[in-house]
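Report on one structure; see the data block that follows.
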Protein chains: 2
Amino acid sequence: MSLDNGMFRPLIHVTQIFLTTDLKVRYALYSLLRALSKVCKVKNLTLEEIGKLAGVSRATVSRVINDYPYISPEVRERVQRVIAETGYQPNMIARSLASDRSNIIGLVIPSQAYAVFTDPYFPRLIQGVSQASNQYKLTLSLFLFHSREEEDFTMKSILNTGLIDGLIITADRKEDSIIPRLLRHHMPFVVIGRPDTTPEKVNFVDTDNVAGARMATEHLVSLGYERIGIIATDENTAGDDRLHGYVATLEEHGIAIDDKLITYGDFSVQSGAQAMKELMPEQPDAVFVCSDSMALGAMTVLREAGISVPDEIAIVSFDDLPPATQTEPRLTTVRQPISQTGQMAVELLRKLISSDVDHPVHTILPNQLIIRSSCGAAQIKNLHDYIDKNVVIDV
Amino acid sequence: MSLDNGMFRPLIHVTQIFLTTDLKVRYALYSLLRALSKVCKVKNLTLEEIGKLAGVSRATVSRVINDYPYISPEVRERVQRVIAETGYQPNMIARSLASDRSNIIGLVIPSQAYAVFTDPYFPRLIQGVSQASNQYKLTLSLFLFHSREEEDFTMKSILNTGLIDGLIITADRKEDSIIPRLLRHHMPFVVIGRPDTTPEKVNFVDTDNVAGARMATEHLVSLGYERIGIIATDENTAGDDRLHGYVATLEEHGIAIDDKLITYGDFSVQSGAQAMKELMPEQPDAVFVCSDSMALGAMTVLREAGISVPDEIAIVSFDDLPPATQTEPRLTTVRQPISQTGQMAVELLRKLISSDVDHPVHTILPNQLIIRSSCGAAQIKNLHDYIDKNVVIDV
DNA sequence: ATATTAGTTGAGAGCGCTCTCAAAGATAAG
DNA sequence: CTTATCTTTGAGAGCGCTCTCAACTAATAT
């Protein structure tokens, strides 16, 4: 780039300024450089230059930075001082090229479902993944897709350009999952939520949806409810597992399963409202709603119909996200450790990337039942009966 | 890595397989490679190897890929065929190192405010940014911070390691903004929302909050309301601008500003409820609530108090996010083009990165007034009076 | 005493790309 | 036919790191 085209553009790169061997001159040049950096973008220092400043070779500086043993204390100290003084940080891209590892992981959300941008579940999950990424000095890339062509194109580049070390997949489709493709490319990845196909070959982190649904249903049964409906979801395995937990619990208690009491939504508020409208003619005395968002919709419908919660119908939901404490009455719900799920996924992915894992790992995190007002427990039962590590009373 | 440690680990890297000059042998080797790739991770092809397969040099392949002119049609065709057959994609990291450009941009959310993970505004914004990033083949990195130390550390690495080409900043703090730091480092960046300090030096994309608030307030005034309250926010410039539009409009109509009718929230549902409780003793006949989320909280409080919307109090809000159509009555609200804001930010950032922009650019996108039921317009006015490009009637 | 080992450093060869430069052939102009 | 210009290609020098190898010193074993 010549100086005359676009005078004073903030991109004049200054290199090779440290080639002189006189230490005083070098330090003078460094001050100059610092002054210059106030005006324009100055090229970052390199290992070589730090080496020159510290009077050692590039290799030695690299060793100090990467905590290799076998460096004399004096040299290490000298190099570290220069690094501290200059604020040097190694160029990630060069490092990636040389080490064949970018320290960039991707969070992929293949589904284009409306709920992905609506349900507070995802921000929370992203927060957990982000926090763990920061902690482990990984750069987190986010991949959302707005059409199948876009997904196809972007996935191709993720898999072939070598930029991404590994992936975390969430909200995958049941049909046409992207998992086989990842498996084929031998890309390290962790799925959040139980994969629908070949879970045995896949590393995943999930919460114990069956046990969570069992707790919720058991709670309703123990409170004496008998016509217990469910608003499940049929587009993902979490919904399947929760439905399964519900069915199993009722059967254990000898309560017949009534298909008319089983409805489905898609995690959105509207779908919860819709499902509750389907359920009302069946006159359930309690409903296990498989997400807080759907419970929000369901409760709005009940209020409009003048049906009181929990007096005429009890509600227990799933997630324990902010909406759960903003309803009237506040929701009894199964708390998922969402942020922790994201963190565990990152930790597992790290192990996969460094080949520390030989066989697929399945991490299942426990859920808790949070008892508030929507289930009617306060009116009926002595709450002290519920003292249990998996139950929190927050009436 | 030796073969005997951890047999068949999927990381055996195969290189230099194309060194032979006999074309038939080379193709045979390629088939072998493909078979091998079913079993283990095979090193990606390189420019050099594609060149060998096409019988040209690395430089020529690079030219084909980067659409340089001055390539003979036959050579271009031949190279493209090899690329298509092999599915070759250039290694992004090597490309970044050589070109000093990573094509990675960062989305930074410095604020640790609760609302960031709660207000549906952010998912929508992220969606817009992501969509434009995909479109322009940029990789989007997400930077959320959970503590000041984490922010400090991560920003340092963003600014010094050369991984990130440019940043999009949103939800910046008013106090202790990160903008000066970015300016000092000459990092290309675009702010979403008007920056509080030195906006003249900063590239930003914002929606026209003043005009939006004017439309909302004007609408309420034109419907005959006289005691018009506001739930603003004081932690960011969007709130300032909306308050400003509200005040200006009332003054223009000769309506005295009553400080008791001005309250503040923080975009959360709870804060909206809280503010409405403060407002109720003042008996406003209409309230301009500066976000849908806060309007949600406000309307819950009103319903609990048995105050009917819009019969006893009219509500107009801001955002037009999903909650706006899920309330009863549905919200009259100022629609922000949130996704488009994110897209514009990416487009502007691209220009900044390639130094196509000399002076700071300020893009202000127009908002629309969406008239639904919560303002009482349906009962009072002939809606056809509102035919205007900035007004949508959706009663 | 010498041989061996451990500790400490630098030289230098990559990683897979981009981009400049020069060379060679083709074409147009004199 | 020569000279100038345009088109087309390859060689090769980086980009800023990592990592192997070899060299040298100092400490320990034989």
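Naming: A, B, ... by sequence-line order, numbering from 1 per chain.
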Atom-to-atom span, [atom1] of [X] to [atom2] of [N] - whole angstrom:
X        : N      : atom1 : atom2 : answer
B:Arg63  : C:dC21 : CZ    : P     : 13 Å
B:Leu163 : D:dC17 : CG    : C1'   : 13 Å
B:Met92  : D:dC15 : CE    : C1'   : 15 Å
B:Glu74  : D:dT7  : CD    : P     : 15 Å
B:Ile83  : C:dC17 : CD1   : P     : 10 Å
B:Glu48  : C:dC17 : CD    : P     : 9 Å
B:Asn44  : C:dC15 : CG    : P     : 14 Å
B:Tyr68  : D:dT8  : OH    : P     : 16 Å

Between [X] and [N], is there a side-chain N or O to OP1/OP2 distance below 4.0 Å?
X       : N      : result
B:Ser57 : D:dG10 : yes
A:Asn66 : D:dT18 : yes
A:Thr60 : C:dG10 : yes
B:Arg95 : C:dG16 : no
A:Ser62 : D:dC17 : no

> Considering only heavy atoms and no angle criterion, is a donor-acceptor pair shorter than 3.5 Å present between the side chain of A:Arg58 and the base of D:dT18?
Replying inline: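 Looking at the base of D:dT18, it does pair with a donor or acceptor on the side chain of A:Arg58 (distance under 3.5 Å).
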>> With a 3.5 Å cut-off and heavy atoms only, can you find an N or O donor on one side and an acceptor on the other between the side chain of A:Arg101 and the base of D:dT18?
In response: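 When only heavy-atom distances are counted, A:Arg101 does not reach the base of D:dT18 through any donor-acceptor pair under 3.5 Å.
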> Can you check whether B:Leu138's main-chain N or O pairs, donor with acceptor, with B:Ser133's side chain at less than 3.5 Å?
Replying inline: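 The answer is no, because no donor-acceptor pair under 3.5 Å joins these two groups.
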Would you give the length of the straight line joining atom [atom1] of [X] to atom [atom2] of [Y], rounded to the nearest 0.5 angstrom?
X        : Y        : atom1 : atom2 : answer
B:Met155 : B:Glu150 : CE    : CD    : 12.5 Å
A:Leu163 : B:Thr139 : CG    : OG1   : 5.0 Å
A:Lys137 : A:Asn103 : NZ    : CG    : 10.5 Å
B:Ser141 : A:Leu107 : OG    : CG    : 11.5 Å

>> With nearest nucleotide decided by heavy atoms, which residue, B:Ser99 or A:Ala98, maps closer to the 5′ end of DNA chain C?
In response: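 On the 5' side of the pair lies A:Ala98.
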> Want to settle it: does A:Arg78 or B:Ile93 sit nearer the 5' end of DNA chain C, counting the closest nucleotide to each?
Replying inline: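 Counting from the 5' end, the first nearest nucleotide belongs to A:Arg78.
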> B:Leu97 or B:Val61: which one's nearest nucleotide on DNA chain D is closer to the 5' end?
Replying inline: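 The 5'-side residue here is B:Val61.
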Show each protein N/O and nucleotides 5-8 of chain C N/O combination with a separation under 3.5 Å, one pair to a line.
| residue | atom | partner | partner atom | Å |
| --- | --- | --- | --- | --- |
| C:dG7 | OP2 | A:Tyr70 | OH | 2.7 |

> Given the rule in the salt bridge (charged side-chain N to carboxylate O under 4.0 Å, His left out) test, do A:Arg81 and A:Glu77 qualify, once you have shown the distances and angles that lead to the verdict?
Replying inline: CA-CA 6 Å; A:Arg81 216 183 42 235; A:Glu77 205 274 327; 3.4 Å; yes
> What closest approach, in Å, do B:Leu349 and B:Gly166 show between heavy atoms, and which atom pair accounts for it?
Replying inline: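 Of all heavy-atom pairs spanning B:Leu349 and B:Gly166, the closest is CD2-C, 3.7 Å.
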> Got more than 12 heavy atoms from elsewhere within 6.0 Å of OH, A:Tyr136?
Replying inline: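 Yes.
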